[in-house]
2 protein chains.
Amino acid sequence: MPEPATRSRRPTPSPRSRPSRRAARSGVTGTRARLFHAAAADFAARGFAGANVDRIARAARVNKAMIYYHFRSKSALYREILGEMFRAVSSRVRGVADAGASPEEKLRGFIDAIAAEAQARPHFPPIWFREIAEGGTHVDEATLRDIAAIVGMLAAIIREGVAAGRFQPVDPLLVHGGIVGPILLFFASARLRARIEQAGARNAAHITADEVVAHVHRVTLAVLQGRVS
Amino acid sequence: MPEPATRSRRPTPSPRSRPSRRAARSGVTGTRARLFHAAAADFAARGFAGANVDRIARAARVNKAMIYYHFRSKSALYREILGEMFRAVSSRVRGVADAGASPEEKLRGFIDAIAAEAQARPHFPPIWFREIAEGGTHVDEATLRDIAAIVGMLAAIIREGVAAGRFQPVDPLLVHGGIVGPILLFFASARLRARIEQAGARNAAHITADEVVAHVHRVTLAVLQGRVS
DNA sequence: GTCTATAAATAGATAGAC
DNA sequence: GTCTATCTATTTATAGAC
């Protein structure tokens with residue numbers, strides 16, 4: 001991985017102000033956004049190392065050099081995709097946690113938030129699975145905080161329910177794993193399940209996202225309400 | 001990815017009879033086995049594309065050319081690692097499913113089998129997460145059957161429990177996700193959780209593998225015994 | 001079975017014109 | 001902001017001696 005530390009690219013636009021008024025008005029979706037989405041798809045399908053800037057540029061119907069103009073490097077592009085994903089998830093979760101609702105409703109909202117993000121961004125579950133496997137090598141500090149905040153907000157919801165005498169005190173990480181594990185697994189494994197079904201196995205039942213989410217709702221509530229064990 | 005289709009390597013030993021009596025007697029663990037383990041570690045940490053045959057050979061303290069002598073190619077080596085992993089899991093699960101025990105015990109055994117394999121082979125959860133994300137691109141037919149068999153055996157256990165009037169009929173894929181999702185997530189995320197804890201977050205509780213497995217036991221049984229919802 | 005080159009291709013990154 | 005051409009390092013894979 002080349003990419004020297006010494007760099008100072010793109011003088012004019014600031015790092016966060018994305019679709020400049022020009023770009024937004026110009027093409028169909030803007031070069032930058034097209035690159036962003038094409039890259040997310042390639043990273044999801046092939047991983048960081050497997051993704052390829054030539055292919056990303058081609059898929060975005062954009063010149064390869066634009067990647068280095070709009071982003072610093074392949075890995076900076078990847079980090080931005082990661083960051084955007086977790087900013088979206090954590091802000092959605094925050095909306096739920098801040099809403100004035102019962103602990104039960106907040107818990108349901110938390111689950112729905114994870115599921116909604118996973119469904120709205122098809123590249124989120126695969127990329128996240130890969131990043132977990134890689135130990136978060138590419139995750140920067142800001143994103144790490146977003147991730148920690150997600151678990152933190154779940155912990156707060158649980159505490160609130162316990163304080164209200166409606167939840168049993170259960171380790172937040174246990175609850176988190178019971179929610180995020182099955183949901184991400186379901187969305188990330190779509191392609192593989194299709195392959196398994198096709199290849200002889202008739203037993204691979206067709207479950208829908210709604211069924212998975214509903215199941216996680218029931219199980220998680222049962223756990224926190226002490227109806228399990 | 002080069003690796004032409006035309007090839008016919010290693011005439012003498014058959015594809016499955018690994019540690020030839022010579023190799024087994026010779027070095028500390030045998031060149032082939034050392035390559036196998038070093039490769040599993042690299043594939044787990046960096047993914048298929050990110051892994052590197054030079055680094056694998058170096059880690060195994062073996063000449064790089066040995067990879068191509070003992071295995072056909074990088075991807076053949078990877079496929080063999082995948083295959084070995086799932087052969088081990090499915091055969092362990094089969095042992096449980098075939099044992100004469102109550103449905104409840106078999107279910108517990110299934111969960112323990114997954115957890116035991118994940119714990120015994122640290123590279124299994126990360127590699128599996130990545131392969132899921134990749135849609136099973138590298139999974140060959142035989143391995144696909146092993147994977148399908150694992151779900152199939154869980155389905156059989158559930159059916160047996162239902163027939164005995166002790167389980168509610170719940171979709172096997174839902175049950176499978178509730179078991180495998182949390183367990184794999186826990187083991188695969190060890191490195192990342194360490195990073196999150198270290199980086200300011202004091203909320204990241206320390207849970208152990210035993211706690212996760214015990215929790216999955218309780219939840220799964222509760223689901224199948226109709227104590228949820 | 002093992003090792004030393006080395007071929008051959010790929011891929012990240014950049015310079016510089018427009 | 002965008003495109004062409006190209007540099008350079010990396011990497012899979014193999015030939016061939018021992």
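This one's a predicted model, so the numbers in the text were calculated from it and none came from an experiment. Letters A, B, ... are given to chains in the order of the sequence lines, protein chains preceding strands, and every chain is numbered from 1.
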- Task: Take the C1' atoms of the five end pairs on each side of the helix from C/dG1-D/dC18 to C/dC18-D/dG1, derive the two axes, and give their angle rounded to 10 degrees.
- Result: 0°
- Item | 5' precedence on DNA chain C between A/Gly50 and A/Ala65 (nearest-nucleotide basis) | A/Gly50
- Task: Check salt bridge (Lys or Arg N to Asp or Glu O under 4.0 Å) between B/Glu211 and all other residues, then give those that pass, not counting sequence neighbours.
- Result: none
- Per A/Asn52 side chain, nearest of listed nucleotides C/dA11, C/dT2, D/dG1: C/dA11
- Contact class for B/Asn63 vs. all strands (heavy atom < 4.0 Å): base, sugar-phosphate, or nothing? base
- Item | Whole-Å distance separating the CZ atom of A/Phe71 from the P atom of C/dG12 | 15 Å
- With respect to the phosphate group of C/dA13, does any side-chain polar atom (N or O) of A/Tyr68 fall under 4.0 Å of OP1 or OP2? yes
- Can you pull the side chain to side chain donor-acceptor pair (under 3.5 Å) pairs that have at least one residue in residues 45-55 of chain B, sequence neighbours excluded? B/Asp42-B/Arg46, B/Asp42-B/Arg55
- Does B/Ser73 place a side-chain N or O at less than 4.0 Å from the phosphate oxygens OP1/OP2 of D/dT12? no
- Message: Rounded to whole Å, please give me the gap between CZ in B/Phe43 and C1' in D/dT12.
- Response: 12 Å
- Message: Let's go through A/Phe43 and A/His123 carefully: what are the C-alpha distance in whole Å and the side-chain angles of both, what is the deciding distance for ring-ring contact (aromatic ring centres under 6.0 Å, His included) to 0.1 Å, and is it a yes or a no?
- Response: CA-CA 8 Å; A/Phe43 285 131; A/His123 309 314; over 10 Å; no
- Message: Please enumerate all residues that pass side-chain contact (heavy atoms from CB on, under 4.5 Å) together with B/Arg92, with sequence neighbours excluded.
- Response: B/Ala113, B/Ala116, B/Glu117
- For B/Asp140, what residues pass the salt bridge (Lys or Arg N to Asp or Glu O under 4.0 Å) criterion, not counting sequence neighbours? none
- Message: Of the listed nucleotides (C/dG1, D/dT12, C/dG12), which one gets closest to any side-chain atom of B/Val53?
- Response: D/dT12
- Message: Does B/Ala49 reach a base, just sugar-phosphate, or nothing at all? Heavy atoms under 4.0 Å.
- Response: nothing
- B/Asp54 has an atom CG; how far is it from atom C1' of D/dT11, in whole Å? 7 Å
- Contacts of B/Arg145 meeting side-chain contact (heavy atoms from CB on, under 4.5 Å) (sequence neighbours excluded), chain-then-number -> B/Glu141, B/Ala142
